[in-house]
Every structure is written in structure tokens, then in C-alpha cells.
Amino acid sequence: MTRIANYCAICGGLLQSEMVSGRIRPFCSRCDMPVYFDPKVAVVVFIELDERVLLIRRAVDPGKGKWALPAGFVDYDEAPEAAARRETLEETHLQVRIDKLLAVFPKRDHGLADIVIAYSAKVLDGELQAGDDAAAVGFFARGNLPPLVFYPSITLTRLWSQGKLEL
């Protein structure tokens, strides 16, 4: 994702490009402040039940119509584990317990996140149904996975299918 800033968020002044901290960055000469773009952090949740993995079919782009693990962005005031529980609840109506940190993924695809934190979780309660930006939800066996989108979902389900994912 390309980030652009034309005006200072503090004073509204026009920004110019200057070398700051070893990079060309937007800079406000009125405030004498550079603009630093923070990375977008997301979480992804791997839930296995009866040797099947929980996937959601995306209702929106990017990846509309393809399947992925439940996932979403971390809010600025939220712990990643809390975001993982919230996103799972929003997309699947399932309450989960986060069990383990699985991996941290860099941006490697056309998704909107710059950093993705992956967790495994167990279902505590709820009735499975699609919600929020999920068009459908379901559990899938290793040999019967639908077309997947996003590097973390593809990588984790591939490792799981190969018996190499320690949950």
C-alpha cells in the first residue's frame, strides 16, 4: 500500500520531501516535524477442530470470493490477542481462546497488512455463522481446501496439510 501525506496533521501546512533518519519522508517546515508512517498490523487465527481447519470466504476485496483464515486489523489501543479473539467472533460468531503464537509474517502479497501476527486458538463457545466481512464460513479437511488468498493463510494451511504446523 502506498502512503501519501500532502498536509501536516498538526498545523495543516503543506509538506515537502526531506531526508530524515536515512530516508526521504514528508516533512513540515512550520512544525519542524517529519511524518512517519506506521505499519498496519493484522492478526490471523488458525483453528483446528476434528482434523479440519476453519476458513472464511471473503465478502470484500482484496480477495473477494476466496477463502482465508479468520483475520483482521489490530486497533491502535488493542492487544494483538484481543484483536484475534474479536476478529474471530466478528467473522465466525465463535468465541475462542488464544493458545499459541505461531508466526509473524512480513508483507508478501496484495493484502493490506504490513505485519501479520498468527495465533492458534480453540473454540470455547458460539454457533458457527458468517459475519462482518465473511460471506461464508466452514471447516475443511486437509485434502479438501478451497482456493485460498493471502500469504499467511496459504503458508499456515500448507504447513498444516503437510503435518508441519505445531498447534
Side-chain angles (χ1 to χ4, degrees), residues 1-28 31 33-48 53-121 130-137 145-160 165 167:
M1 169 188 279
T2 301
R3 292 182 169 91
I4 298 170
N6 294 316
Y7 298 96
C8 177
I10 297 168
C11 73
L14 187 61
L15 297 173
Q16 53 199 41
S17 295
E18 288 194 18
M19 181 67 75
V20 178
S21 302
R23 308 178 69 157
I24 299 292
R25 300 180 190 277
F27 187 84
C28 178
C31 292
M33 295 288 296
V35 174
Y36 294 97
F37 294 113
D38 296 329
K40 287 297 291 177
V41 179
V43 291
V44 64
V45 182
F46 195 100
I47 300 168
E48 181 185 48
V53 63
L54 178 61
L55 299 173
I56 61 108
R57 189 172 69 209
R58 294 196 40 85
V60 297
D61 278 322
K64 183 177 181 178
K66 292 188 178 177
W67 294 80
L69 297 168
F73 290 108
V74 178
D75 287 333
Y76 79 96
D77 61 347
E78 185 177 41
E81 297 90 343
R85 289 189 300 272
R86 175 184 52 77
E87 287 290 347
T88 302
L89 181 62
E90 288 174 2
E91 293 182 351
T92 70
H93 292 221
L94 297 177
Q95 294 179 4
V96 298
R97 177 187 72 232
I98 302 301
D99 286 337
K100 183 178 178 182
L101 173 67
L102 296 175
V104 177
F105 293 95
K107 185 171 186 64
R108 293 237 169 101
D109 60 22
H110 60 278
L112 301 177
D114 300 309
I115 298 168
V116 179
I117 304 169
Y119 294 101
S120 65
D132 195 31
D133 56 356
V137 293
L145 295 173
L148 296 168
V149 67
F150 304 131
Y151 174 70
S153 291
I154 293 166
T155 301
L156 290 170
T157 55
R158 184 187 74 240
L159 289 170
W160 173 75
L165 186 62
L167 300 175

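Position 1 is the first residue of the sequence; numbering continues from there.
Considering only heavy atoms from C-beta on, Phe150 stays 4.5 Å or farther from Leu69 through its side chain. Counting heavy atoms from C-beta on, the side chains of Cys11 and Cys28 come closer than 4.5 Å. A heavy-atom distance below 4.5 Å is not found between the side chains of Val149 and Lys64.
With Ser120 contributing its side chain and Asp99 its backbone, the two residues share no donor-acceptor pair below 3.5 Å. A side-chain donor-acceptor contact under 3.5 Å links Asp109 to the backbone of Tyr151. Glu91 contributes a side-chain N or O that, together with a main-chain N or O of Ala71, makes up a donor-acceptor pair within less than 3.5 Å. In this structure a side-chain-to-backbone donor-acceptor pair under 3.5 Å is present from Asp114 to Lys40. Panel note: side chain Arg86, backbone Glu90; no donor-acceptor pair is recorded below 3.5 Å.
Of all heavy-atom pairs between Pro80 and Val43, the closest is O-CG1, 3.5 Å. For the pair Ala134 and Ile56, the tightest heavy-atom approach, listed with the atom from each and the gap, is CB-CB, 3.9 Å. Contact record, Leu15 with Cys8: CG-N, 3.7 Å, taken as the closest heavy-atom pair. The two atoms that bring Phe37 and Ala5 nearest to each other are CZ-CB, 3.8 Å, heavy atoms only. Contact detail for Asp61 and Gly63: the closest heavy-atom pair is OD1-N, 3.6 Å.
Annotation: the span from Leu55 atom CG to Arg58 atom CZ amounts to 12.5 Å, rounded to 0.5 Å. Annotation: the span from Asp133 atom CG to Glu87 atom CD amounts to 7.0 Å, rounded to 0.5 Å. To the nearest 0.5 Å, atoms CG (Leu145) and OG (Ser153) are separated by 11.0 Å. Distance CG/Leu54 to CH2/Trp67: 9.0 Å, rounded to 0.5 Å.
Among Ile115, Leu156, Ile117, the single residue meeting the side chain to side chain contact (heavy atoms under 4.5 Å, CB included) criterion with Phe105 is Leu156. Checking each of Thr92, Thr88, Val53, Leu167 against Ile47 for a side chain to side chain contact (heavy atoms under 4.5 Å, CB included) leaves exactly one that passes, namely Thr88.
Open room surrounds OH on Tyr7; 12 or fewer heavy atoms of other groups in view lie less than 6.0 Å from it.
For Ile154, the side-chain contact (heavy atoms from CB on, under 4.5 Å) partners at least two apart in sequence or on another chain are Leu148.
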